[in-house]
Amino acid sequence: MSTRIAFLKGHGTENDFVIVPDPENALDLSPAAVAALCDRRAGIGGDGVLHVVRSAAHPEAQGMAAEAEWFMDYRNGDGSVAEMCGNGVRVFARYLQHAGHVAEGDLTIATRAGVKTVHIAKDGDITVGMGRARLPEGDVTVTVGEHNWPARNVNMGNPHAVAFVADLAHAGDLYTAPPVRPAATYPDGVNVEFVVDRGPRHVAMRVHERGSGETRSCGTGACAVAVATARRDGADPAVTGTPATYTVDVPGGRLVITERPDGEVEMTGPAVIVAEGEIDAEWLAHAFG
């Protein structure tokens with residue numbers, strides 16, 4: 001490992017990330033190192049790390065190298081590995097554009113949830129093809145204090161429990177994961193979304209992301225919320241034959257989610273690079289030690 005590495009900081013609707021360019025996969029990003037990078041007081045600070053690696057150089061992505069040159073090796077803020085991060089894909093694409101690896105238009109990015117199609121628009125917004133939602137059967141219940149809600153089980157490449165509530169304040173502080181029953185439904189943990197209506201095809205949400213706590217935004221969560229809301233509203237595009245588009249407000253901004261009749265879910269929103277620099281060698285040695 002080099003004694004110093006470059007980093008950038010970016011966010012998508014205030015879901016923020018430490019970006020670590022490492023094309024040849026030369027860095028050993030241990031869980032402890034990722035957690036140190038994401039520490040908001042003793043590190044750089046972020047909801048997660050975007051480890052930027054060429055697909056051909058990463059054993060988990062080599063099979064996707066023919067479709068996507070770059071692999072998003074995403075890690076949660078606690079150092080755990082995640083399958084997918086919707087806001088992270090947009091920021092990852094913005095980094096590739098910032099670094100001169102791609103231009104406006106279409107590209108593909110490999111993730112642990114498969115290859116994602118991305119479009120960088122001239123107006124700055126980025127659209128990500130998030131794949132199809134899966135809706136596993138079975139009743140799920142979310143609890144916060146004395147409140148209990150039925151929740152919709154939605155999988156967007158990672159697991160979500162979507163609960164519709166009367167007031168977002170009922171979600172509590174979301175520092176810790178809200179209990180979800182039956183626990184066996186989510187053996188690896190779950191992202192929990194709390195949702196209120198704001199108007200026709202318009203909702204607002206808060207989210208507890210597994211491994212990160214409450215975040216200002218969650219892209220896969222916004223997609224899960226839009227799909228769950230569409231089913232609640234009787235607007236299943238596979239049945240109606242017309243796309244269902246929802247505006248989803250998150251604490252950090254706004255995302256627009258469209259589910260097409262073929263099941264593909266598309267997410268559109270901003271992505272910003274805010275800083276770049278170099279990690280201090282002494283701190284780095286301590287964090288990775």
Side-chain angles (χ1 to χ4, degrees), residues 15 47-48 76-78 80-87 112-113 130-239 244 246-252 255 257 259 263 265 267:
N15 195 187
D47 293 322
N76 293 314
D78 66 353
S80 59
V81 171
E83 303 94 336
M84 176 58 181
C85 176
N87 288 318
R112 291 186 176 86
M130 300 289 287
R132 292 170 172 79
R134 291 190 293 109
L135 300 167
E137 297 294 332
D139 295 331
V140 177
T141 301
V142 174
T143 301
V144 176
E146 298 179 354
H147 294 282
N148 295 279
W149 302 274
R152 189 70 188 248
N153 186 355
V154 183
N155 193 292
M156 288 298 310
N158 58 357
H160 298 267
V162 180
F164 294 92
V165 301
D167 189 329
L168 289 178
H170 292 164
D173 59 34
L174 293 183
Y175 292 142
T176 58
V180 179
R181 301 190 309 271
T185 304
Y186 302 106
D188 299 317
V190 61
N191 305 285
V192 184
E193 287 81 25
F194 299 87
V195 187
V196 296
D197 289 296
R198 290 288 189 242
R201 301 274 176 113
H202 186 185
V203 296
M205 61 174 269
R206 290 177 62 197
V207 58
H208 175 94
E209 287 196 62
R210 59 175 180 170
S212 298
E214 182 172 17
T215 59
R216 300 283 294 169
S217 179
C218 176
T220 56
C223 293
V225 163
V227 170
T229 308
R231 298 303 182 275
R232 183 204 64 177
D233 294 346
D236 183 347
V239 175
Y246 282 81
T247 298
V248 181
D249 291 342
V250 295
L255 296 166
I257 313 298
E259 184 181 12
V265 179
M267 173 186 61

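For this chain, numbers begin at 1 and follow the sequence in order.
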Quiz item: Distance-only, no hydrogens or angles: does the His208 side chain make a donor-acceptor pair with backbone N or O of Leu174 under 3.5 Å?
Solution: yes
Exercise. Would you mind telling me which of Asp236, Asn153, Val227 makes a side-chain contact (heavy atoms from CB on, under 4.5 Å) with Leu135?
Key: Val227
Quiz item: Any side-chain heavy-atom pair from Met156 and Met84 closer than 4.5 angstrom?
Solution: no
Exercise. Please tell me if the side chains of Leu255 and Asn87 come closer than 4.5 Å, counting only heavy atoms from C-beta onward.
Key: yes
Quiz item: Hey, are the side chains of Asn148 and Arg181 touching, using non-hydrogen atoms and a 4.5 Å cut-off?
Solution: yes
Exercise. To the nearest 0.5 Å, tell me how far Ser217 OG sits from Met205 CE.
Key: 6.5 Å
Quiz item: Closest heavy-atom contact between Pro178 and Val144?
Solution: CB-CG2, 4.1 Å
Quiz item: Where do Arg231 and Pro237 come nearest, in terms of heavy atoms and distance?
Solution: NH1-CD, 3.9 Å
Quiz item: Glu193 and Gly221: which non-hydrogen atoms are nearest, and at how many Å?
Solution: OE2-CA, 3.3 Å
Exercise. Could you list all the salt bridge (charged side-chain N to carboxylate O under 4.0 Å, His left out) pairs where at least one residue sits in residues 205-217, not counting sequence neighbours?
Key: Glu14-Arg216, Glu83-Arg210, Arg206-Glu214
Quiz item: Do Val180 and Val140 have side-chain heavy atoms sitting under 4.5 Å apart?
Solution: yes
Self-check item: Gap separating the SG atom of Cys85 from the CG atom of Asn15, nearest 0.5 angstrom
Solution: 5.0 Å
Quiz item: What is the minimum heavy-atom distance between Val265 and Ala133, and which atoms define it?
Solution: CG2-N, 4.4 Å
Practice problem: Scan side-chain atoms only and decide if Asn158 and Thr220 contain a donor-acceptor pair under the 3.5 Å cut-off. | Solution: yes
Exercise. Please list, chain by chain and in numerical order, all residues satisfying side-chain hydrogen bond (donor to acceptor under 3.5 Å, both in side chains) with Asp249, sequence neighbours excluded.
Key: His202, Arg254
Self-check item: All pairs passing salt bridge (charged side-chain N to carboxylate O under 4.0 Å, His left out) where residues 194-204 contributes a residue, at least two apart
Solution: Asp197-Arg232
Self-check item: CG on Asn191 to CG on Asn76, rounded to 0.5 Å
Solution: 8.0 Å
Exercise. Specify the closest pair of heavy atoms between Pro182 and Asp139, including all atoms of both residues, with the distance to one decimal.
Key: CD-O, 3.4 Å
Quiz item: Which residues pass the ring-ring contact (aromatic ring centres under 6.0 Å, His included) test with His147, sequence neighbours left out?
Solution: Trp149, His170
Self-check item: Atom of Tyr246, atom of Ala230 and distance for their closest heavy-atom approach
Solution: OH-CA, 3.5 Å
Quiz item: Is there any salt bridge (charged side-chain N to carboxylate O under 4.0 Å, His left out) pair reaching into residues 146-175, and which pairs are they, with sequence neighbours excluded?
Solution: none
Quiz prompt | Non-neighbouring partners of Asp233 that pass salt bridge (charged side-chain N to carboxylate O under 4.0 Å, His left out), sequence neighbours left out | solution = none
